[in-house]
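Naming convention: chains lettered A, B, ... in sequence-line order (proteins, then strands); numbering from 1 in each chain. Every value quoted in this text rests on a predicted model; they were computed, and no experiment measured them.
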Number of protein chains: 2
Amino acid sequence: MVTSRDVARVAGVSQSTVSYVMSGRRSISAETRKRVLDAIEQLTYQPNAGARALASQRTQVIGLVVRFRPGADTTGLLPFIETIAGCARAEDHDVLLVTADEGSAGLTRLAGRALCDAIVMMDIEADDARIPVAAALRVPVLLIGVPDDSAGLHCVDVDFADAGRLAVDELAAAGHDRVVVIGHAPDVVERDINFVRRFQRGATAAAEAHGIGLDLVSPVPPDRAGAEAAVREALARGGDRTGIVVPNSPAVQPVLQALLDRGVVPGRDISLIGLCTDVAAEASTPAVTNVSLEPRDVSRRAMEILFRLLDRSGDRPTQLVELIRPRLTRRETTLPAP
Amino acid sequence: MVTSRDVARVAGVSQSTVSYVMSGRRSISAETRKRVLDAIEQLTYQPNAGARALASQRTQVIGLVVRFRPGADTTGLLPFIETIAGCARAEDHDVLLVTADEGSAGLTRLAGRALCDAIVMMDIEADDARIPVAAALRVPVLLIGVPDDSAGLHCVDVDFADAGRLAVDELAAAGHDRVVVIGHAPDVVERDINFVRRFQRGATAAAEAHGIGLDLVSPVPPDRAGAEAAVREALARGGDRTGIVVPNSPAVQPVLQALLDRGVVPGRDISLIGLCTDVAAEASTPAVTNVSLEPRDVSRRAMEILFRLLDRSGDRPTQLVELIRPRLTRRETTLPAP
DNA sequence: CTGTTAGCGCGTTCAT
DNA sequence: ATGAACGCGCTAACAG
């Protein structure tokens with residue numbers, strides 16, 4: 001292993017000078033800087049991360065706590081991870097992956113062993129047992145998702161209330177006088193993820209504002225049988241002018257299929273709006289009008305806040321909860337405005 | 001921050017004794033061991049990862065290099081990541097995530113900065129520029145995927161030749177006298193991922209063994225238009241007794257849909273076998289008979305080998321390339337054997 | 001502008 | 001069975 005001492009010897013300077021050239025924390029004459037940089041290149045020197053962390057109390061690592069669940073909307077996880085990793089690298093940090101099934105222990109380990117400088121925690125439940133633990137850590141923690149009580153932690157999430165409003169507004173504009181929300185997945189409802197309620201609140205408020213009815217069919221398993229039962233119930237309750245919202249990414253396709261199976265064609269006979277990524281919306285046949293959750297925007301903003309929190313100099317963001325506005329894209333499953 | 005010195009003071013022993021209690025690398029009297037463990041608990045002491053890495057030359061971290069691609073079969077990535085993370089934790093290691101778009105630089109960084117003890121690299125191309133770099137690192141590297149030349153590195157992958165054979169065997173048994181392989185995604189073909197060829201070889205060999213014809217429609221974009229064109233071509237070329245194989249996870253659903261749209265019902269009129277995860281196969285309507293790639297088995301085996309490579313004591317595995325046998329599951333899209 | 005020096009917290013050898 | 005002491009490679013305060 002080549003150390004900064006080796007570099008110093010080759011460059012004919014002291015070891016600390018090498019360190020200062022790398023950190024730029026004090027001015028170095030152009031000439032010695034060049035000698036050092038040449039030596040670094042010649043030896044392909046790279047600083048030892050452990051030694052650096054020990055001396056500087058900075059690991060240059062972001063801990064990322066994710067929950068892998070079988071089946072569920074786990075597909076939507078990758079854009080988050082990818083964006084977070086990208087943002088981290090852009091700030092010369094790496095990402096240490098920790099799974100949520102370690103629970104609070106994962107958090108205390110990350111902080112207690114000084115494995116990372118900050119933590120991003122995803123998939124937050126409304127009453128999440130990890131929150132108080134996270135808030136007591138000696139590293140900043142940022143939540144993607146909004147718990148009932150964030151205990152002073154910063155949160156970033158999609159504005160689900162706005163998503164509900166967007167969908168209902170669109171259906172109202174398309175002339176529907178009734179909206180059925182075919183609900184979230186059973187496990188999501190059970191785990192009491194906050195966004196279920198927030199979405200519902202937004203949708204209900206919008207329906208009231210438009211003076212149209214809103215029914216809820218929930219929960220809905222994201223499979224064939226679940227979708228068929230839900231569609232049957234949804235159609236039974238309403239008439240021709242019913243619009244359907246599916247705020248459950250993996251259920252969108254089955255619901256669409258169930259409608260088609262019954263000879264009800266979204267975009268011709270009825271309107272269907274899904275809450276899912278654009279990729280998923282475009283992949284289905286016909287392409288589903290969707291409200292996109294913009295995982296990349298959420299992640300980017302989260303990392304922005306996180307690095308501001310890490311900047312000792314910078315001023316910290318005042319707003320604790322930040323909601324990213326979703327975007328509705330009209331595709332083939334909604335009726336045009338009359 | 002509480003250090004091992006603090007623990008030592010509270011326990012009334014020397015710092016080195018604390019270290020030895022934790023590592024178990026020398027015998028400690030039951031009494032002092034207890035005193036130390038009590039102190040550790042009382043202070044909730046956790047060893048500093050950087051200091052430990054510096055002193056022991058071991059980071060307890062596995063570097064994981066993954067490629068996030070937009071759209072593609074990126075969904076299949078999560079089971080790998082999840083399983084790898086789980087196996088790592090089971091051996092008291094953590095996982096540092098690095099994206100493939102750093103290329104070789106990511107590898108040299110991981111090893112050069114001593115960020116990890118070993119590396120798992122996924123999504124290997126047939127002629128992957130990173131292989132020689134990886135082989136020269138001072139840490140063991142394990143490939144998930146098989147390049148043309150692994151440069152002495154250990155590889156684990158699905159036995160794609162066997163997958164091709166399994167699918168064709170099944171179609172032959174179902175009485176089909178012709179097989180059409182609706183190919184891989186364009187980007188996969190273009191990047192020359194090795195498994196395309198391996199699958200093809202296995203399928204061709206099996207077809208010859210059964211004395212039945214085999215046609216290839218390739219590449220196929222995993223969208224509606226791509227699938228429809230492919231299906232049209234596939235049906236045009238063959239007769240009633242044609243069996244279809246789709247070795248392209250995201251294209252399975254569109255191909256199925258395209259068949260149904262033409263009034264051709266798999267399981268009644270024709271046989272369709274997909275190369276995809278069981279979850280994906282079960283989700284579609286009707287459920288697709290599939291050859292599963294068993295990402296969890298592959299990952300588990302990969303980590304098994306990796307940790308054996310890390311064990312200085314243990315004997316290293318002799319076999320360089322290890323192929324995991326896939327499994328065919330009959331569902332609703334294949335005809336019964338006559 | 002540069003060199004010297006003192007830790008950072010832990011693993012491990014040497015001494016007892 | 002235990003303690004003292006050294007060094008891992010680097011940052012940063014101090015001294016010039």
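- Protein chain A touches strand DNA chain D; the 5'-most and 3'-most nucleotides with an atom under 4.0 angstrom of its non-hydrogen atoms are dG9(D) to dC14(D).
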Atom pairs and distances, side-chain donor-acceptor, residues 132-141 of chain A, under 3.5 Å, sequence neighbours left out:
unit_1  : atom_1 : unit_2  : atom_2 : d
R138(A) : NH1    : A111(A) : O      : 2.9

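- Sorted by first then second residue, the side-chain hydrogen bond (donor to acceptor under 3.5 Å, both in side chains) pairs that include residues 140-152 of chain B, not counting sequence neighbours, are D148(B)-N194(B).
- More than 12 non-hydrogen atoms from other residues, nucleotides or ligands lie less than 6.0 angstrom from CG of D38(A).
- The pair R296(A)-E82(A) counts as a salt bridge, with a side-chain nitrogen and a carboxylate oxygen less than 4.0 angstrom apart.
- Taking the nucleotide of DNA chain D with the nearest heavy atom to each of A30(B) and R25(A), the more 5' of the two is matched to A30(B).
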Summarise protein proximity over nucleotides 3-9 of chain C in one line of letters, 5' to 3': B for base, S for sugar-phosphate only, - for none, counting protein heavy atoms closer than 4.0 Å.
-> BB--BBB

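- Under the side-chain hydrogen bond (donor to acceptor under 3.5 Å, both in side chains) criterion, the residue pairs touching residues 97-114 of chain A are T99(A)-D101(A), E102(A)-R109(A), E102(A)-R89(B), R109(A)-D94(B), with sequence neighbours excluded.
- Rounding to the nearest 0.5 Å gives a distance of 9.5 Å between CG of L309(B) and CG of D311(B).
- For residues 46-65 of chain A, the pairs satisfying side-chain hydrogen bond (donor to acceptor under 3.5 Å, both in side chains) are T59(A)-D117(A), with sequence neighbours left out.
- Between E304(A) and R300(A) no salt bridge is recorded (no basic side-chain N to carboxylate O distance below 4.0 Å).
- Using a 4.0 Å heavy-atom distance criterion, T32(B) is classed as a sugar-phosphate-only contact.
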